[in-house]
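A short write-up of the structure that comes next.
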Amino acid sequence: MQYRSGYDLASKLGFQDLASISLDRMGWAAERASDAVTGAIRQYNRALAYLRARRYRTGIRIAELARETAELADPGLDRDAVAGQVHLGIAVLAARSSDTAAVDGNLAAAERISGRTGEVPTVFWLSFGPTNVAAHRASCLIDQALYHEALQVARSIEIPASWPASRAAHHHAEVARALLWTGKGDAAFRRLLDARHLAPQQSRHSSTVRETMAGLLRAQRRLPESMSNFASWIGM
């Protein structure tokens, strides 16, 4: 999984060319090992690259390939965790492309799978389980501009101690978006601070953090020093 680690590092720091090379190497390794699970993870990460590029329909097609590849793996926890995470990825892509039926269907499928697996955050570093399903449900609601509903879901989420810091930080940044759009600027900023505390380098390069911070700056008549310092820290 060294290539996967390389992909994670490069993509989160904004080096998409290096991330693409890492994914190509993952594909090379998966083919030679006849490893359907690794192949599915590679396709899933390719789909996320199209999510970042806002090419949602293409991302969905690639994520569907990931789902079909995962189904070729031997039954077991690894296959379930990867398949469940792929469903979550499709749900997010569908939310961005305003396909409500696909959002609901894939979240429901992921929830059924998580009922079998429980919390398995360390399986291929996917953070899969009921908590991640709930976090993706909130994210999909945010992408559909259903901010109050998203915050209602978020209030029920207790982040497991076993979650990677990078995943928890991303969740805080997502919730900050909903807080901003419901007029809770101070709470949104606190969530951004939480994200920075957990994963500073990821947060510094996160488009979600930057977009939310830009919204907070526009909403302020007089900029508090803490916000000014944060904006400077992320290069705004």
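By convention here, the first residue in the shown sequence is residue 1.
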Within the side chain of [X], is there an N or O that forms a donor-acceptor pair under 3.5 Å with the backbone of [Y]?
X      : Y      : value
Gln202 : Ser166 : yes
His171 : Arg167 : no
Thr117 : Gly129 : no
Thr182 : Ala178 : yes
Ser203 : Ala199 : yes

Is there side-chain contact between Phe189 and Phe230, with at least one heavy-atom pair below 4.5 Å?
-> yes
Under a 4.5 Å cut-off applied to non-hydrogen side-chain atoms, are Ser114 and Phe128 in contact?
-> yes
Kindly state each residue pair satisfying ring-ring contact (aromatic ring centres under 6.0 Å, His included) with at least one member in residues 133-169, sequence neighbours excluded.
-> Tyr147-Trp181
Ignoring hydrogens and angles, write down the donor-acceptor pairs under 3.5 Å from the side chains of residues 101-111, residues two or more places apart or on other chains.
residue : atom : partner : partner atom : Å
Asn106  : OD1  : His87   : ND1          : 2.8
Asn106  : ND2  : Ala102  : O            : 2.8
Glu111  : OE1  : Arg137  : NH2          : 3.4

Glu174 and Ser139 side chains, donor-acceptor separation under 3.5 Å | yes
Which pair of heavy atoms, one from [X] and one from [Y], lies closest together, and at what distance?
X      : Y      : result
Ala47  : Gly59  : CB-O, 3.3 Å
Val37  : Ala73  : CG2-CB, 3.6 Å
His172 : Leu198 : CD2-CD1, 3.5 Å

Residue pair Ser97, Arg57: steps toward the side-chain contact (heavy atoms from CB on, under 4.5 Å) verdict = CA-CA 7 Å; Ser97 58; Arg57 295 294 183 184; 4.0 Å; yes
Dump the intermediate steps for side-chain contact (heavy atoms from CB on, under 4.5 Å) on Trp233 and Arg196, then the final yes or no.
-> CA-CA 10 Å; Trp233 177 70; Arg196 181 174 70 172; 3.2 Å; yes
Below 4.0 angstrom, N of the basic side chain to O of the carboxylate: do Asp143 and Arg177 qualify?
-> yes
Got a salt bridge between Arg61 and Glu64, using NZ or NE/NH1/NH2 to carboxylate O under 4.0 Å?
-> no
Crowded around Asp186 CG? As in, over 12 foreign heavy atoms under 6.0 Å?
-> no
Would Arg96 and Arg54 count as a side-chain contact (heavy atoms from CB on, under 4.5 Å) if you check the C-alpha gap in whole Å, the side-chain angles of each, and the deciding distance to 0.1 Å?
-> CA-CA 8 Å; Arg96 297 285 181 91; Arg54 303 188 180 189; 5.6 Å; no
